[in-house]
2 protein chains.
Amino acid sequence: MASSTIENYVKQLYLEGQRTSNQKIPMGRLAKIMKVTPGTATSMVKALADSELVIYEPREGARLTRGGKQLALHVLRRHRLVELFLVKTLALDWSEVHEEAENLEHVISDKVLEKIDKLLDYPCVDPHGDPIPTSKGNITTKQYENLSDCRLHQKVKISRIVDQDPTFLQFLEREGLTPNVKLTLQSRDDYADATTLITHATSNTITLGLSTAKKILVEPL
Amino acid sequence: MASSTIENYVKQLYLEGQRTSNQKIPMGRLAKIMKVTPGTATSMVKALADSELVIYEPREGARLTRGGKQLALHVLRRHRLVELFLVKTLALDWSEVHEEAENLEHVISDKVLEKIDKLLDYPCVDPHGDPIPTSKGNITTKQYENLSDCRLHQKVKISRIVDQDPTFLQFLEREGLTPNVKLTLQSRDDYADATTLITHATSNTITLGLSTAKKILVEPL
DNA sequence: ATAATTATTTTGACTAATCAAAGTTATATG
DNA sequence: CATATAACTTTGATTAGTCAAAATAATTAT
């Protein structure tokens, strides 16, 4: 059985792979993500390669094998189902469940996980809109547009937030920018690095920097 | 923060202390309980003594300090609340929740624990009738009688089962001998090492060996 | 093309938790 | 009482995961 440490490395390799279209992930970057020294990342990745969870090319980086991806998706399934469970069943706040799930994801048995899945009626996204892999390890990642790229004056719905920082999530909650909220982009100014939007339900006008807008993924209505 | 390993040693020292009226616990016994070699138990207990969780007397044994007891009760609170939660909210079977809780008890945060406590409406016993310590670390241990010692023909209620073995618990469930079930002791034969009882609701007559009867704690009605 | 910088790997050391086996102490038995 | 046995402790080794710092390789700048 994979240790929590291994599960975490594999999970982060998967997520970083998603961000970089499956490029080999260099050890420096992995070290930063895992908050360890580069030497530690190198030696852990060698161990992962021995277990055939990654392919490792010295001085180039590591990439998950099929088996590694499978493990990553199982961890991600636990993480995201637990997040949703904490929000729906235990009424924890949206902004705090990520940290909690970081610990729980390594100790939830398959039996408990399937009970949670059933209780939540087989959901397919977590509270941040991240897709929940199936128990077979399938994941359907919709390609959303981000709020800084989408067309002006188009009605859209928030589908996913790609940042787990609690204070950022609390900010979004205060501004009413949570998944399923409908809104329209009013203006964008690349020089000012800002975009203005209006929410439908509350008619709130909000101005965001483009780097923040990029973290909010939407789909057209 | 105490590691899972430390939490487990401290928890077992507490439970064994309960069974032996606070005698010093010898290393051989601790080793058996923890499924490690005696040398491992000795060295771990020395580490616990350095952290002031136990008092250790070489060649005599170890006993929890006040701080150690406090930690043990916090672990036990997590364990027992989680057990009840798994039964009530996730519909796991009575017989299997002990093993699940063994893993979860080390990673449940205070925040999640208090949510569970609230959801279950501040219960005071777990599914086996074991008392749940308060968040301050108080525990009220009622002194129940066991089924092999109690008076013949007296109406009693099952209050607690002092064995967590899943197959034993499944047996009790099949026989309808679960907490809160009411019954009467019909006969006892010390030579045959057996006792016969009848359940009130179902009028089932069941014969148990005395060692099994000793694991079933009851209170008079 | 050489030097300087940056990224990566290697080496040696450390901690927590464990075991096997040798050594020590206490207890029980002849 | 002497010794055999059982309980316990010590010692030396191992594994997983980590860091600091030295060594190496690759990249960038001069």
Side-chain angles (χ1 to χ4, degrees), chain A residues 1-14 16-17 19-20 23-64 67-68 71-72 75 102-103 105-107, chain B residues 1-14 16-17 19-20 23-64 67-68 71-72 75 102-103 105-107:
Chain A
M1 255 279 297
S3 66
S4 306
T5 307
I6 287 178
E7 289 191 347
N8 280 330
Y9 274 91
V10 166
K11 178 182 66 174
Q12 293 301 346
L13 285 166
Y14 177 84
E16 186 60 17
R19 285 178 214 119
T20 58
Q23 295 296 304
K24 276 172 269 183
I25 291 137
M27 295 302 101
R29 185 184 296 276
L30 180 59
K32 282 243 172 63
I33 295 172
M34 294 300 302
K35 298 188 171 140
V36 296
T37 60
T40 300
T42 300
S43 72
M44 268 304 300
V45 159
K46 282 185 181 178
L48 296 180
D50 288 345
S51 317
E52 298 185 301
L53 292 167
V54 305
I55 305 288
Y56 166 57
E57 309 262 24
R59 310 231 165 229
E60 301 205 0
R63 192 196 326 254
L64 290 178
L71 175 55
V75 177
E102 287 291 298
N103 302 317
E105 66 186 9
H106 308 295
V107 297
Chain B
M1 257 278 297
S3 66
S4 306
T5 307
I6 288 179
E7 289 192 347
N8 280 329
Y9 274 90
V10 166
K11 178 183 65 174
Q12 294 301 346
L13 284 166
Y14 177 84
E16 186 60 17
R19 286 178 213 118
T20 58
Q23 295 296 304
K24 275 171 268 183
I25 291 138
M27 294 304 100
R29 185 184 294 277
L30 180 58
K32 282 241 174 62
I33 296 173
M34 293 300 301
K35 298 185 172 147
V36 295
T37 59
T40 301
T42 302
S43 72
M44 268 305 300
V45 160
K46 281 185 180 176
L48 296 180
D50 288 346
S51 317
E52 297 186 303
L53 292 167
V54 305
I55 304 290
Y56 167 55
E57 308 262 23
R59 312 238 162 220
E60 302 204 0
R63 195 198 320 258
L64 290 178
L71 175 56
V75 177
E102 286 292 298
N103 301 317
E105 67 187 9
H106 307 295
V107 297

J.: Contact list please: residues 42-52 of chain B against DNA chain D, heavy atoms, distance less than 4.0 Å, in numerical order.
T.: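 Listed by number, they are B:T42, B:K46.
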J.: Without decimals, in angstroms, what is the distance between A:H106 NE2 and D:dG17 P?
T.: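 About 12 Å, once rounded to whole Å.
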J.: Closest approach to the side chain of B:P58, judged atom by atom: which nucleotide of D:dC8, C:dT8, D:dT9 is it?
T.: D:dT9
J.: Between B:R29 and A:K35, which is nearer to the 5' end of DNA chain D once each is assigned its nearest nucleotide?
T.: B:R29
J.: Heavy atoms from C-beta onward define the side chain here; which of C:dC19, D:dT9, D:dT18 lies closest to that of B:M27?
T.: D:dT9
J.: Roughly how many Å is it from CD in A:E57 to P in C:dT8, rounded to a whole number?
T.: 14 Å
J.: Please state how far atom CD in B:E60 lies from atom C1' in D:dC8, giving the value in whole angstrom units.
T.: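 Distance check: B:E60 CD to D:dC8 C1' gives 12 Å.
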J.: Which comes earlier along DNA chain D counting from the 5' end, the contact point of A:R59 or that of A:T40, where each point is its nearest nucleotide?
T.: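 Checking each residue's closest nucleotide, the 5'-ward one belongs to A:T40.
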J.: So A:G39, base contact, sugar-phosphate only, or nothing? Heavy-atom distance under 4.0 Å.
T.: base
J.: May I ask you to test the A:Y56-A:L48 pair for a side-chain heavy-atom distance under 4.5 Å?
T.: no
J.: In this structure, how many angstroms lie between the P atom of C:dT6 and the NZ atom of A:K32, rounded?
T.: 12 Å
J.: Determine whether more than 12 heavy atoms belonging to other residues, nucleotides or ligands lie under 6.0 Å from atom CD of A:E57.
T.: yes
J.: Using a 4.5 Å cut-off on heavy atoms from C-beta on, say whether the side chain of B:E105 contacts that of B:E102.
T.: yes
J.: Got A:L30 and A:E16 here, is their nearest side-chain heavy-atom distance under 4.5 Å?
T.: no
J.: Decide yes or no on side chain to side chain contact (heavy atoms under 4.5 Å, CB included) for B:Y14 and B:L71, but give the supporting numbers first.
T.: CA-CA 10 Å; B:Y14 177 84; B:L71 175 56; over 6 Å; no
J.: Looking at A:Y9, does any N or O in its side chain come under 4.0 Å of the phosphate oxygens OP1/OP2 on D:dA16?
T.: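 No.
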J.: On the nucleotide C:dA17, are OP1 or OP2 found under 4.0 Å from the side-chain N or O atoms that B:T5 carries?
T.: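 For B:T5, the contact criterion (side-chain N or O under 4.0 Å from OP1 or OP2 of C:dA17) is met.
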J.: For A:M34 and D:dA16, give me the distance from atom CE to atom C1', rounded to whole Å.
T.: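 Answer to the nearest Å: 14 Å.
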J.: Checking side-chain contact (heavy atoms from CB on, under 4.5 Å) between A:V45 and each of A:L53, A:I25, A:V54, A:T40, which is the one that passes?
T.: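 Answer after filtering A:L53, A:I25, A:V54, A:T40: A:V54.
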J.: For a quick test of reading the model: is some side-chain N or O of B:Y56 closer than 4.0 Å to OP1 or OP2 of D:dC8?
T.: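 For B:Y56, the contact criterion (side-chain N or O under 4.0 Å from OP1 or OP2 of D:dC8) is not met.
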J.: A:I6 side chain: which of C:dT9, D:dT9, D:dG17 is closest?
T.: D:dG17
J.: If we ignore angles and hydrogens, is there a donor and acceptor under 3.5 Å between the side chains of A:H106 and B:N103?
T.: no
